[in-house]
Amino acid sequence: MSAAATTGLAGASGFARRVLARQALVGAAAFGTVGVLVPWTLALEQEVLGALGATGFCLAALALVLTGLVSAQRLRGHRYVLRSLALGSTAVEPEDIGALARLPFALTARFVACGALCAGLVLVPALRPAELDNARALSLCAFVLTIVCASAVVHYVVVRQATTSAIELSPLDPITVWLEQEASSTGGPRRRVTQRILVAIVAPVVMVGVGALLVTRAHIEAFAERSRTATAVLLARTALQPGSGAVPAAGRDDALRAAAMHGFVARIERGARARPMARETGARRDPSGELRLSVPLDDGMAAMRFFPSVGWRAV
């Protein structure tokens, strides 16, 4: 067997394995990037990150396995033409070359779809950590989608390179006929070149823009949350404390109404209901994103409820 034939056999017979391996490496790099950037990008607390670690790893593994399965199914449909190319057979049709040429886009679409599906699972309350509220789960999903879409460009390039190497093993006649068919189609080559240039330029700009928006929003919300929490504590320790006059609770109802007008809903707990909240607690977040805080008073406890920022609404 000649050296060229040996090279062709190795190149075409290992095509599916090579493509799946490259796909897995790109996917692992994408989700690894998510794991590295999420703590800084979304400004999540340590307890949230700890609870999210195992869930994120399982969803990333599910995405890689699912992508490999659907891609292997698509690659299976090309096994006969790949075998022919490996053996140097002339039984290769122009339609086979065209199908191979369309393969990189098809596999990249599957890569993005599987990544988006697994990222969307973060929005299911039963699958995500209880510490992650709806709004921040939506931000996390958008960030993962951004990284997956950005890595899709790399995925397309590496799969395209492997596919081109396989197509080069084809006899000259099928490639020539296929190229003539493509050139005769209305605007075919020009349209594809234009689309690829647009994708190569627009996609990175959009990804950077979305990423910058998510980073800015997350850090603004983190700053606003710290500020609102400090305000809630000061409000409880000053306006809601009993006075020293004949009527200690004088003016407290007015203070509660004024606080509610600014987004701080408070109630005073006394006796047995105040014992579980015997000391000040950190702000706890419920699934809607609302924060709950307990502040000790001289005559009981102030149970505060408020959203992290003035414009925040439950998602």
* Side chain of Ser227, backbone of Phe223: donor and acceptor closer than 3.5 Å? -> no
* Taking the six-membered ring for Trp, are His155 and Phe111 parallel (under 30°), tilted (30 to 60°) or perpendicular (over 60°)? -> parallel
* Do the side chain of Arg79 and the main chain of Arg76 share a donor and acceptor less than 3.5 angstrom apart? -> yes
* Structure fact -> d(Leu293 CG, Phe264 CZ) to nearest 0.5 Å is 10.0 Å
* Exam field: side chain Arg160 to backbone Ala101, donor-acceptor pair closer than 3.5 Å -> yes
* Can you find a pair of side-chain heavy atoms, one from Phe143 and one from Leu37, that are under 4.5 Å apart? -> yes
* Asked: Is the closest side-chain heavy-atom distance between Val122 and Leu132 below 4.5 Å?
  -> yes
* To do: Verify, without hydrogens or angle tests, whether Arg74 (side chain) and Val70 (backbone) share a donor-acceptor contact under 3.5 angstrom.
  => no
* Side chains of Leu103 and Leu75: closer than 4.5 Å at any heavy-atom pair? -> yes
* Asked: Taking side chain as C-beta onward, heavy atoms only, is Leu121 less than 4.5 Å from Leu62?
  -> yes
* Hey, is the main chain of Leu123 close enough, under 3.5 Å, to the side chain of Arg128 for a donor-acceptor pair? -> yes
* Heavy atoms, side chains only, cut-off 4.5 Å: are Asp96 and Trp178 in contact? -> no
* To do: Assess whether side chain to side chain donor-acceptor pair (under 3.5 Å) is satisfied between Thr67 and Gln23, documenting all intermediate values.
  => CA-CA 8 Å; Thr67 303; Gln23 189 175 67; 5.7 Å; no
